There are 2 protein chains.
Amino acid sequence: MEAMWDAQGSAGNADGGAQELIDALERVVPGRVLWHAADTSEYSHDRSHHGWAPATAVVRATSTEEVAAAVQVCRAARVPVIARGTGTGLEGGANAVPGAVEPATGIAAQRSRAVIIDLRGMNRILRIDPDSADATVEAGVLRSELNPVLAVHGLQFVAGPGVDASIGGMAATRASGTNAVKYGTMAENVRGLTVVMADGAVVKTGGRARKSSAGYDLTHLFIGSEGTLGIITELTLKLAPTPEGRTLTVLSFPSVDAAARVVQRCLQAGVDLARAELLDTAQIAAINAYSHTDFREASTLFVELSGEARSLEGQAARLDAIADAQGLLERRRIDPADQERVWQVRHDALPAAQALRPDSYTWSTDVCVPIAHLAQCITETQADIESSGLLAPIAGHVGDGNFHLAFVLANGDDAERQRAAALYRRMIRRALSFGGTCTGEHGIGEGKMSDLIDEHPTGVPVMRAIKRALDPEGLLNPGKMVDLRGD
Amino acid sequence: MEAMWDAQGSAGNADGGAQELIDALERVVPGRVLWHAADTSEYSHDRSHHGWAPATAVVRATSTEEVAAAVQVCRAARVPVIARGTGTGLEGGANAVPGAVEPATGIAAQRSRAVIIDLRGMNRILRIDPDSADATVEAGVLRSELNPVLAVHGLQFVAGPGVDASIGGMAATRASGTNAVKYGTMAENVRGLTVVMADGAVVKTGGRARKSSAGYDLTHLFIGSEGTLGIITELTLKLAPTPEGRTLTVLSFPSVDAAARVVQRCLQAGVDLARAELLDTAQIAAINAYSHTDFREASTLFVELSGEARSLEGQAARLDAIADAQGLLERRRIDPADQERVWQVRHDALPAAQALRPDSYTWSTDVCVPIAHLAQCITETQADIESSGLLAPIAGHVGDGNFHLAFVLANGDDAERQRAAALYRRMIRRALSFGGTCTGEHGIGEGKMSDLIDEHPTGVPVMRAIKRALDPEGLLNPGKMVDLRGD
């Protein structure tokens, strides 16, 4: 079937061999295969600035068995397979490649050979056990679909980014978000997985026990593997009790350094931070404009505490004292009725940044460093942004040492993009020099493959050996994470 | 060099090819190679009841470079390599095999081909950063060596079993212990590793950031791999602040069911249990006799709460109310000055069990189940113990759904041992039927390889593929975890 694709690996329309492939997919997932480029395009890319091309086909699977059958069809045709949740990734992890696209126009030049397996139809909550505080869900379930059902049992699933991603996609990206400082990332909140392997085999990892020493930790291996080792179709999740109460305080400081130090001191003092979000002056300005808020334009923390009433009082008193000692400019306690709205404002930081500039696109990236180095890393990056003449607000999960930078770039301005790329590389090098990582929660995808090698020069050969062992034909999301081309 | 070992893979004394191997090891680790069977024996087994034989040699390494060099020597000679910490494992994970030993006499019949790499000499604390709450240590550091140094900074390393194991050994076993309900297991408390691979390459995994989405999670892959994928030589650890205060309460209940339900309700209510240990009536009787205590002989919980003073009061009040509602028989608040001593009593549960019977040995095993099924799993197991006429006290990390059973068996009584083995298999099947695991924290080692297959029938082929990819010659701790012989 190779002949139907040209030398660049692209197909024209669904004819010749591609039609045979589509027919074969239709036989295993009848009525749920898309193949017109106009239809496949929206499934062929995430929210990143990275290149993509319309996939050959999209399979809208509704069960593990259908995913396994579709993978087997693709394997027989030697066609790459890309798993997809909501497409809210930021590093091209679910993009159909190869294929170039002009970021300014969004027009793809050619088609990708790949078949996308869309998992959003796998949206059943299979089991909730309030007594063991766990649940099993299909990979396409959204957090917004799960948490209202859990709330009835006094439970919540806490890991996840600001966007309403799928649980499977969050696991595949090793995502985290604002709650990670208290509850951990997806790595700490998934107990077991069902995974479809490159040969179509269905593997169950982990289980329902809160801990296990039984064998290699396959669950953690698949979490964060971005669909390159297997396709996650079901997940057993650890749940947390809904806290009795929550407080949200917005704190303004004279510097990033002071704000970061408050969080560091709280962690050292054992203050049980539920969320600790840092927004720099540029990001606060963007938010005020976008969300019609009037936060003081300064280095700002959004701090949530949660728990039992008496404990909350004690924690809040310690937070106040620590904040005052760092030159607090302003303290706003958010009324409980307004807390959700204020968090939404925080989650809208990226569109708020983009709205600063008409005819622009965003390039959002993240790094994570040991907390002691966070303030310095951000401050040096801010200075670099200023001297580079770029617009790039910063927001961070400061309790984790993790911050996001969103370049807001003019469409079609290549010189500006190159300045951004140079600053980006300096920021990654800076984070690594502090013992940090090139991505705290966005993943590697297409965008950070060379950064991964810089960060893990000795680890990448091990990763490649594992990739070759589990996907010897290189069919699962090729050209992402580790690139075996040229081996 | 194969010829020097006989058909069972054993060597006589250090002569012929073995002498060449020892000479080569002496060249890379001068003055720190042992080879007399009398010397190697004590390094050739752990505390389990599983078979072992004196290793050909023991290398007492003091650096990652020495470990790498020794591995390369062994690889050239095609001799198995077994990493060893304190030898406190319970499933034979560090035992030198092949080679049979009579459990009743402890006499090994032959020698093992393997070379043991003893890591206890790698006992330096390399770095502590109080501001980022992390530290980097060599694998041979003991928890008892680390925590006094951390205490100066108001920090502690919380993961680990009752015995004073090495940090590297705990990681290799994915150990946990009494603190796991609050702080997690070794899997949640290690951020990065230095690992010597089968070919002598030195790999650095993870890093110092509190979270990362950069690449496959090699750190978690090596944690719990029991030296079969690589030898852990250094670890970067997550540290926790020393809590302001602690309470310890001993609670007696009319049944295991009531005790387990108290812990389950606490977790549901968000009571922040620091430790929650269950001891059954038989175990309490053993403890009273061994440690000269006078705890009521009933199903008993040792519950620790920790944190800030105001929060502690609130938590303690909720614990009391929940315990009372489950028919509490007796409540003893332990004076702060006595807490450490009472915890030592708990950690001595295994010797206390053995002391019940002269001329006996213990077979300690553990399973872990979803918390909702813990009481039933323990109660059915107790009934089975009684009807089997065996002595086997139970102690458990009930907050994790994890319990330990210690068979106390008469030396030389094969029939009794077979009854124990049959009960053991029923207990494993019972735990798996509840969605649990065949080991919560002891690991697979030699002892649970067939249980691992029962628990992860689809996962074991993936584990084998990873083992083959990272240790293609099968030199790292062969015959443990997954057995590639016969592939």
Side-chain angles (χ1 to χ4, degrees), chain A residues 129 131-133 173-174 176 180 185 188 202-205 207-218 220-221 224-225 241 243 264 267-268 270 308 310-311 313-314 368-372 400-402 435-444 452 455-456 458-459 462-463 465-466 469-470, chain B residues 129 131-133 173-174 176 180 185 188 202-205 207-218 220-221 224-225 241 243 264 267-268 270 308 310-311 313-314 368-372 400-402 435-444 452 455-456 458-459 462-463 465-466 469-470:
Chain A
D129 180 351
D131 290 331
S132 294
T173 315
R174 207 181 299 129
S176 43
T185 72
E188 286 82 38
V202 176
V203 170
K204 304 249 183 191
T205 77
R208 290 189 56 208
R210 281 169 67 107
K211 66 186 190 189
S212 173
S213 291
Y216 303 152
D217 188 345
L218 300 181
H220 277 107
L221 182 63
S225 68
Q264 189 181 308
L267 292 173
Q268 286 175 314
E308 174 261 345
R310 252 183 292 188
S311 159
E313 279 171 37
C368 188
V369 296
I371 299 221
D400 302 320
N402 179 213
T437 175
C438 69
T439 173
E441 55 181 25
H442 291 181
I444 298 298
L452 178 64
E455 181 175 336
H456 291 298
T458 58
V462 179
M463 296 180 201
I466 292 169
L470 302 191
Chain B
D129 181 351
D131 291 331
S132 293
T173 316
R174 207 182 299 130
S176 42
T185 72
E188 287 82 37
V202 176
V203 169
K204 304 248 183 193
T205 76
R208 292 189 53 206
R210 282 169 65 105
K211 66 187 191 188
S212 172
S213 291
Y216 303 151
D217 189 344
L218 300 182
H220 276 106
L221 183 62
S225 67
Q264 187 181 310
L267 293 172
Q268 286 175 316
E308 176 260 344
R310 251 183 293 189
S311 159
E313 280 171 37
C368 189
V369 297
I371 299 219
D400 302 319
N402 179 210
T437 176
C438 68
T439 173
E441 55 181 23
H442 291 182
I444 298 298
L452 178 63
E455 180 175 337
H456 291 297
T458 59
V462 179
M463 296 181 201
I466 291 169
L470 302 191

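Below, chains carry the letters A, B, ... as their sequence lines are ordered, and counting in each starts from 1. Computed from a prediction, not measured in an experiment: that's the story for all the values here.
Using a 3.5 Å distance cut-off with no hydrogens or angles, the side chains of Ser176(B) and Lys211(A) do pair a donor with an acceptor.
Comparing Cys368(B), Gly270(B), Gly224(B) by heavy-atom pairs within less than 4.5 Å of chain A, the highest count is held by Cys368(B). When the candidates Leu221(B), Asp400(B), Leu267(B) are compared by the number of heavy-atom contacts under 4.5 Å with chain A, Asp400(B) comes out ahead. In terms of non-hydrogen atom pairs under 4.5 Å with chain B, the most contact-rich of Ala214(A), Pro243(A), Gly436(A), Gly443(A) is Ala214(A). Interface remark: of the candidates Pro370(B), Ala469(B), Gly459(B), Pro370(B) forms the most heavy-atom pairs closer than 4.5 Å to chain A. For chain A, the option among Gly207(B), Ser225(B), Ala133(B) with the highest count of heavy-atom pairs below 4.5 Å is Ser225(B). Among Gly435(A), Ser212(A), Gly314(A), the residue with the largest count of heavy-atom pairs under 4.5 Å with chain B is Ser212(A). With chain B as the partner, the residue from Val203(A), Asp129(A), Val369(A) showing the most heavy-atom pairs under 4.5 Å is Val203(A).
Interface residue Leu218(B): only side-chain heavy atoms are found under 4.5 Å from chain A. Residue contact with chain A, scored on non-hydrogen atoms closer than 4.5 Å, involves the backbone of Thr205(B) exclusively. For His442(B), the part lying under 4.5 angstrom from a heavy atom of chain A is the backbone only. Both the backbone and the side chain of Ile444(A) come within contact range of chain B, with heavy atoms under 4.5 Å apart. For Gln264(B), the part sitting under 4.5 Å from any heavy atom of chain A is the side chain, from C-beta outward, and nothing else. For Gln268(B), the parts lying under 4.5 angstrom from a heavy atom of chain A are both the backbone and the side chain. Using a 4.5 Å cut-off between heavy atoms, Thr439(A) touches chain B through backbone and side chain atoms alike.
Looking at Leu470(A) and Val462(B), their side chains come closer than 4.5 Å, going by heavy atoms from C-beta outward.
Of all the heavy atoms in Glu441(B) and Ser213(A), the pair that sits closest is CA-OG, 3.0 Å. Here the shortest heavy-atom pairing between Thr437(B) and Ala209(A) reads CG2-CB, 3.8 Å.
Residues meeting the salt bridge (charged side-chain N to carboxylate O under 4.0 Å, His left out) test with Glu308(A), sequence neighbours left out: Arg310(A). Listed by chain and number, the residues in a ring pair (Phe, Tyr, Trp, His ring centres under 6.0 Å) with His220(B) are His220(A) (sequence neighbours excluded).
A distance-only check finds no donor-acceptor pair linking the side chain of Glu455(A) to the backbone of Leu452(A) [under 3.5 Å]. Side chain of Ser132(B) to backbone of Ala372(A): a donor-acceptor contact under 3.5 angstrom is found. Arg174(A) contributes a side-chain N or O that, together with a main-chain N or O of Gly215(B), makes up a donor-acceptor pair within less than 3.5 Å.
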